[in-house]
Novice: 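One structure coming up, written as structure tokens, with questions to follow.
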Amino acid sequence: QVQLVESGGGLVQAGGSLRLSCAASGRTFSSYAMGWFRQAPGKEREFVATISSFGVTTHYADSVKGRFTISRDNAKNTVYLQMNSLKPEDTGVYYCAAGWRTTARSTADEYAYWGQGTQVTVSS
């Protein structure tokens, strides 16, 4: 069992930055990949970024490449999402998720545990 708690969301103007954090507890943190997903109002949840268990491999959605960076600190059991050059279309609830495996994955069914989400709102 893994418990995940996100933090760092908020309201920011377009072009601004936010850093999301996700603290994990339960299973050994370095034994699973982590991912970030988001869900905008009226839309389905979508993949944002993923990182392998030791941080060697990362993948990003095309819509955030070059603007967002996922990282993890296994000593702190925490994964981060640094979001720069934010756009209004980045608005949504951001969820972190713990994967079934060690490898970075971009589909939701590859993730076993989910946090409650943190709201990110980007104003134009």
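This structure is a prediction, so every number in the text was calculated from the model and none was measured.
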Novice: Can you tell me how far the OG1 atom of Thr78 sits from the CG atom of Leu20, to the nearest 0.5 Å?
Specialist: 12.5 Å

Novice: So, taking the atom named NZ in Lys43 and the one named OG1 in Thr91, what distance separates them when rounded to the nearest 0.5 Å?
Specialist: 10.0 Å

Novice: Would Ile51 end up clustered with Leu18 when hydrophobic side chains under 4.5 Å apart are linked, directly or stepwise?
Specialist: yes

Novice: What about Trp114 and Phe37, are their ring centers closer than 6.0 Å?
Specialist: yes

Novice: Verify the distance criterion only: is there a donor paired with an acceptor across the side chains of Arg105 and Thr103 at less than 3.5 Å?
Specialist: yes

Novice: Should Lys87 and Asp90 count as an ion pair when the cut-off is N to O under 4.0 Å?
Specialist: no

Novice: Just verifying a value: how many Å separate Thr58 OG1 and Lys65 NZ, rounded to the nearest 0.5 Å?
Specialist: 10.0 Å

Novice: Answer yes if Tyr113 and Tyr80 sit in the same cluster of Ile, Leu, Val, Met, Phe, Trp and Tyr residues linked by side chain heavy atoms under 4.5 Å apart, and no otherwise.
Specialist: no

Novice: For Asn84 and Ser17, which I'm curious about, is there any donor-acceptor pair between the side chains at under 3.5 Å?
Specialist: yes

Novice: Taking the six-membered ring of Tyr95 as reference, does the NZ or CZ atom of Arg45 fall below 6.0 Å from its centre and within a 45° cone about the axis?
Specialist: yes

Novice: How long is the gap from CG on Leu81 to CZ on Arg72, to the nearest 0.5 Å?
Specialist: 13.5 Å

Novice: So, Ser123 versus Gln13: side-chain donor-acceptor pair below 3.5 Å or not?
Specialist: no

Novice: May I ask you to decide if the ring planes of Tyr94 and Phe68 are parallel, tilted or perpendicular, using 30° and 60° as cut-offs?
Specialist: tilted

